[in-house]
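Computed from a prediction, not measured in an experiment: that's the story for all the values here. In what follows, chains carry the letters A, B, and so on, assigned in the order in which the sequence lines appear, proteins first and then strands, with residues in each chain numbered from 1. Reckoned from all heavy atoms, side chains included, excluding hydrogens, waters and symmetry mates.
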Protein chains: 2
Amino acid sequence: MSQRRADIIADALEELVFTGGFNDGDRLDEIRLARQFDVSRTPIREALQRLVASGLAEQIPRRGVFIRQPGPVELMEMFETMAEIEGVCGRLAAQRISETALQDLDAANARCTAAVEAGDTDGYYRENEQFHHVIYHQAGNGFLEQEALRLHRRLKPFRRLQLRLRGRMQQSMAEHEAIVAALRAGEAERAAEALRGHVAIQGEKFHLLMSSLRDAAE
Amino acid sequence: MSQRRADIIADALEELVFTGGFNDGDRLDEIRLARQFDVSRTPIREALQRLVASGLAEQIPRRGVFIRQPGPVELMEMFETMAEIEGVCGRLAAQRISETALQDLDAANARCTAAVEAGDTDGYYRENEQFHHVIYHQAGNGFLEQEALRLHRRLKPFRRLQLRLRGRMQQSMAEHEAIVAALRAGEAERAAEALRGHVAIQGEKFHLLMSSLRDAAE
DNA sequence: GTCAAGATTTTTGTATACAAGAAATTCCAT
DNA sequence: ATGGAATTTCTTGTATACAAAAATCTTGAC
């Protein structure tokens, strides 16, 4: 695969950004990072370019590159966009999904429920992700799938914050069931709406996310 | 702005890719490009990284970076995705669009019609683009807007091929009218469907695109 | 003490040098 | 002549060197 150090470093930096290793506005010092990864500035710079290209950082010419965590507004916009894209995937998938995939969704849901009952948050998280990935794939459009995966990945660190809400996982499971039902029935619009509603952040969810953000900032 | 040569070179290369200056699979020789742009390999390499990041080229480690033009399947997928995203923008815009923006759309359409009558293809193209950009913006979601613009831009060279079809511009104008009507009425689903249909490639449009591609390949 | 202009240091951006892996070529055995 | 191994050449990836712009510090006038 990628034997390039620049890629390895870029992956490491992305992971650091996602796991909160950086704060908004942090400058990514080339020399410090070079020492830290024990390489020259060259691969560091290429890695930073990748971060900038993926929107995780911003480059100001002759000034450096800075971490750019989305603020509340942009975060809401990203979640709304994700909800819409999931809706699109759902509508297309309703017309294209295979019987095997429907069974996969059922299986993922079963494992999800089991994880909820066992209080296994990580397990729930993993299976939930699997569930959504299957839907992206079943939209039958490789390009759309990649876009969905990209945004999904980008929102990963923030989605985690959502799960804290009391009873959220139970409600989420009920929504999963409804989604599968719509997909199985081939009802495109219903599937789209169910997925939009499932992913969208409204009402209580909105306030929860905001307060989580405040907590994380402290 | 960006005084970085790497960015200037990246822009130039992107433009070259879009205007058909490269064929699929072409290797982007660092040394040749360095001579061509009269710089060292360093800024060339950074520019190439940007092309790779935006999906215009592919990098094979230790082998180089190669132009990667989308094939028929991927192109269809990209157009379908664009249609869906436009649909989403339309649905959101129907709920959020301002009166001023509606007038802008009318104005753009009028200029579009004038261009059609004058046989001014470039003018039509420009105003058509404007029309769509207004809708992206009126979706009221900056992130979604950027994504829409990105994909729109990526498809630009291929969209041009579509216009050749006899009477296509007239039909397109009628669709524009219907879209504005739906937006003005605030009918979200109707706006979404109108935009999806307007952008989607189906029936004759599909065959036209395929034959255009074949022609361009020769 | 404050402010500003000049000097100094840092840091980015680019060029060049070097190392290592891939491709091309040569050369030999059959 | 052909196939394949060894060598050479070429290219990418990384390190280092240098130039120019920005940031910081110093110094001096008020």
Side-chain angles (χ1 to χ4, degrees), chain A residues 1-18 20-70 150, chain B residues 1-18 20-70 150:
Chain A
M1 263 279 279
S2 69
Q3 302 150 268
R4 291 171 66 252
R5 309 231 214 199
D7 285 329
I8 297 166
I9 292 165
D11 288 342
L13 288 179
E14 277 184 18
E15 195 56 31
L16 266 173
V17 174
F18 284 155
F22 291 108
N23 290 81
D24 185 51
D26 279 2
R27 172 161 149 272
L28 294 167
D29 188 310
E30 295 179 3
I31 299 170
R32 197 173 56 75
L33 289 171
R35 269 200 291 266
Q36 203 165 314
F37 284 95
D38 196 36
V39 293
S40 80
R41 278 174 54 217
T42 310
I44 297 288
R45 281 179 63 85
E46 296 202 352
L48 293 186
Q49 299 282 47
R50 233 188 69 181
L51 288 212
V52 170
S54 64
L56 267 52
E58 189 179 8
Q59 181 172 42
I60 303 174
R62 290 273 173 210
R63 298 282 306 273
V65 359
F66 303 84
I67 289 296
R68 197 181 143 300
Q69 297 283 19
R150 201 167 52 87
Chain B
M1 259 282 277
S2 68
Q3 299 150 273
R4 290 170 69 253
R5 309 220 215 210
D7 284 330
I8 296 166
I9 292 164
D11 287 342
L13 288 179
E14 277 184 18
E15 195 56 30
L16 266 174
V17 174
F18 284 155
F22 292 110
N23 290 82
D24 186 51
D26 279 2
R27 172 160 150 274
L28 295 167
D29 189 309
E30 295 179 2
I31 299 170
R32 196 174 56 75
L33 289 171
R35 268 199 291 265
Q36 203 166 314
F37 285 94
D38 194 38
V39 294
S40 80
R41 279 175 52 219
T42 310
I44 297 289
R45 281 179 62 85
E46 296 202 351
L48 294 186
Q49 299 284 20
R50 232 188 69 180
L51 288 212
V52 171
S54 64
L56 267 51
E58 190 179 7
Q59 181 171 44
I60 304 175
R62 289 274 173 207
R63 296 283 307 272
V65 359
F66 302 85
I67 289 296
R68 196 180 145 299
Q69 297 283 16
R150 202 167 51 88

Rounded off to whole Å, could you give me the CG-to-P distance for the D7(B) and dT12(C) pair?
-> 15 Å

E30(A) atom CD is separated from dT11(C) atom P, nearest whole Å, by 10 Å

Side chains of I9(A) and L33(A) in contact at under 4.5 Å (non-hydrogen atoms) | no

For I44(B) and dT14(D), give me the distance from atom CD1 to atom C1', rounded to whole Å.
-> 18 Å

Heavy atoms, side chains only, cut-off 4.5 Å: are R50(B) and L56(B) in contact?
-> no

Reading 5' to 3' through nucleotides 15-25 of chain D, protein heavy-atom contacts under 4.0 Å coded B for base, S for sugar-phosphate only, - for none = BBB---SSS--

Working to the nearest 0.5 Å, report the span between CG of L28(B) and CD1 of I44(B).
-> 9.5 Å

Measure the spacing between CD of Q59(A) and CD of Q49(A) and express it to the nearest 0.5 Å.
-> 5.0 Å

Mind checking the CZ-CG spacing from F18(A) to L13(A)? Nearest 0.5 Å is all I need.
-> 11.5 Å

E46(B) CD - dG13(D) P separation (whole Å) = 14 Å

Sugar-phosphate only, base, or nothing, as touched by R27(A) at under 4.0 Å among non-hydrogen atoms | sugar-phosphate

Calculate, to the nearest 0.5 Å, the distance between atoms CD1 and CD belonging to I67(A) and E58(A) respectively.
-> 11.0 Å

Distance (rounded to the nearest 0.5 Å) between R27(A) CZ and I60(A) CD1 = 11.0 Å

Shortest non-hydrogen pair, G25(B) vs F66(B), comes out as O-CD2, 3.6 Å

Under a 4.0 Å heavy-atom cut-off, which of residues 47-59 of chain A touch DNA chain D?
-> none

Atom CZ of R35(A) to atom P of dT10(C): distance rounded to whole Å?
-> 11 Å

Would you give the length of the straight line joining atom CD of E46(B) to atom CG of L48(B), rounded to the nearest 0.5 angstrom?
-> 10.0 Å

Atom-to-atom span, CD1 of I31(B) to P of dA23(C) - whole angstrom | 15 Å

Presence of R45(A) side-chain N/O under 4.0 Å of dG13(C) phosphate oxygens OP1/OP2 = yes

Taking CZ from R4(A) and C1' from dA20(C), how many angstroms apart are they, rounded to a whole number?
-> 15 Å

Given dT11(C), dT14(D), dT11(D), the nucleotide with the shortest approach to the side chain of D29(B) = dT11(D)

